[in-house]
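I have placed the structure first, in the form of C-alpha cells, so that the comments after it can refer back to it.
We use all heavy atoms of the structure for the numbers below, so side chains are in, but hydrogens, waters and symmetry mates are not. FYI, the numbering just counts along the sequence from 1.
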Amino acid sequence: MSPPLIRVAALGKSYATAAGPFAALRGADLSIEAGDFVAIMGPSGSGKSTFMNLLGCLDTPTSGDYFLLGRNVAHLGKDELASLRNGCIGFVFQGFNLLQRMTLADNVALPLVYAGVERGARRQRALQELARVGLAGYADSLPSHISGGQQQRVAIARALINSPQLILADEPTGNLDSHTSEEIMSLFSELNRAGISIILVTHEADIAAYARRQVRFLDGLIVSDITTPARALEQC
C-alpha cells in the first residue's frame, strides 16, 4: 500500500520573541492522500500559514515529523529542501508574484531556468501550460496588459511547469472579484480531477466549498477535519 502524499505527526513550530518562545503551531497530526483537494481555514494567527510554509518546505519545524511521499523531510538542509520543493510542489500566491518586465511565457518558464532547462524547451513547455490555463496566444504579453484573473492563471501555469504532484495555493482568490474567483476555482477543480493534489488556504467558505476536505486551525491546533461533497464544477 502506498504511503499518503503527506503525513505530519506532532508537527510544531515556535518562534523566538522578546517575551519568549511563541508556539505558532502546536503538534499537528494530519494525513493527506494523493489526489486530495483540501482547504485550510482559520482566523489570522491560527497557524494555517505556518502549516502551509512547512508543507511547502519553505520553513523547518521545531518539533515533530513531516513525511512527503514517504520521506521524512522535517529536518533536511536548505539545499535538499529546495530540490524537493522545485521538483514536487507548485506554488500559487494571492499577489500573483509575476515579474512585470518579463513576458507571460518567460514568467511561466522561470522555474525551468533554475532547473537548467534549455531556452527553446523552456518556451515550448511554457506555451503548453499557458494553453492549459486558457491563455494560448498571450505568451508575449506583459503582466500589466492583462486582467487580475488572467494574471492568476499565469501564476497557475507557472506552478504547473515542473509537473508537480502537489499545488499549494495561499489565498489564490483574495485579490479577485467573485466571478473571476469562481473561474479560478473551477480551474483548480479541473486540475484536481486530472490527478494533481491541491491544498489551499482561504478565509472564504464559498471558496473552501470547492475542496472535498476542510481542515480548520485555531490557536496553532487543528480543531476540525471535515470531508464533504465538493462544490459542483462550473465551466471555466
Do [X] and [Y] come close enough that some side-chain heavy atom pair is under 4.5 Å?
| X | Y | answer |
| --- | --- | --- |
| E182 | Y210 | yes |
| P143 | N107 | yes |
| T62 | K13 | yes |

### Message
When you measure from the side chain of S147 to the backbone of Q150, do you find a donor-acceptor pair of N or O atoms at a distance under 3.5 Å?
### Response
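Answer holds: yes.
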### Message
Donor-acceptor check, side chain of S46 to backbone of P43, threshold 3.5 angstrom: yes or no?
### Response
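A pair under 3.5 Å: yes.
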Joint cluster assignment, [X] & [Y], ILVMFWY side-chain distance < 4.5 Å:
| X | Y | result |
| --- | --- | --- |
| I156 | V201 | no |
| F51 | L68 | yes |
| L30 | L221 | no |
| L98 | L160 | yes |
| I6 | L69 | yes |

Can you name the closest pair of heavy atoms from [X] and [Y] and give their distance?
| X | Y | value |
| --- | --- | --- |
| P61 | L54 | N-CD2, 3.5 Å |
| T202 | A39 | CG2-CB, 4.5 Å |
| A74 | G64 | CB-O, 3.8 Å |
| N162 | P111 | ND2-CB, 3.6 Å |
| S141 | I146 | CB-CG2, 4.5 Å |
| A157 | L130 | CB-N, 4.2 Å |

What distance do [X] atom [atom1] and [Y] atom [atom2] have between them, rounded to the nearest 0.5 Å?
| X | Y | atom1 | atom2 | result |
| --- | --- | --- | --- | --- |
| F217 | I40 | CZ | CD1 | 5.5 Å |
| D206 | M185 | CG | CE | 9.0 Å |
| E183 | L176 | CD | CG | 9.5 Å |
| T173 | I207 | OG1 | CD1 | 3.5 Å |
| I198 | R212 | CD1 | CZ | 9.0 Å |

Under 3.5 Å, sequence neighbours excluded: what are the donor-acceptor pairs made by side chains of residues 80-94?
unit_1 : atom_1 : unit_2 : atom_2 : d
E80    : OE1    : G77    : N      : 3.2
R85    : NH1    : C57    : O      : 2.5
N86    : ND2    : A82    : O      : 3.2
Q94    : NE2    : N175   : OD1    : 3.2

### Task
Let me know which of L187, I184, V154, L191 forms a side chain to side chain contact (heavy atoms under 4.5 Å, CB included) with V133.
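The single option meeting the side chain to side chain contact (heavy atoms under 4.5 Å, CB included) with V133 is L187.
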### Query
Given V215, which of I199, T227, V223, D225 fulfils the side chain to side chain contact (heavy atoms under 4.5 Å, CB included) condition?
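By the side chain to side chain contact (heavy atoms under 4.5 Å, CB included) criterion, V215 pairs with just one of I199, T227, V223, D225: D225.
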### Task
Take I32 and R213 through the test side chain to side chain contact (heavy atoms under 4.5 Å, CB included) and record every step on the way to the result.
CA-CA 10 Å; I32 295 174; R213 187 174 172 192; 4.0 Å; yes
### F37, CZ: over 12 other non-hydrogen atoms inside 6.0 angstrom
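More than 12 within 6.0 Å, yes.
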### Task
Starting from L127, walk the hydrophobic network (Ile, Leu, Val, Met, Phe, Trp, Tyr; side-chain heavy atoms closer than 4.5 Å) and list everyone else you reach, by chain and number.
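ILVMFWY cluster around L127 holds nothing else.
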#### Entry: Under 4.5 Å side-chain linkage, directly or through intermediates, the cluster mates of V113
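When side chains under 4.5 Å apart are linked, the cluster holding V113 also contains L99, M102, L110, Y114.
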Solution key, residues 163-172 side-chain donor-acceptor pairs under 3.5 Å, sequence neighbours excluded:
unit_1 : atom_1 : unit_2 : atom_2 : d
E171   : OE2    : H203   : N      : 3.3
E171   : OE2    : H203   : ND1    : 2.4

### Contact list for residues 14-31, test side-chain hydrogen bond (donor to acceptor under 3.5 Å, both in side chains), sequence neighbours left out
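Every pair satisfying side-chain hydrogen bond (donor to acceptor under 3.5 Å, both in side chains) with a residue in residues 14-31: Y15-D59.
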### Task
Would you kindly say whether N97 and R158 are connected by a side-chain donor-acceptor distance under 3.5 Å?
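Absent: no donor and acceptor within the cut-off.
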### Message
Quick test of your reading: applying salt bridge (charged side-chain N to carboxylate O under 4.0 Å, His left out), list the pairs with at least one residue in residues 102-131, sequence neighbours left out, ordered by first then second residue.
### Response
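Output for this query lists R123-D140, E129-R132.
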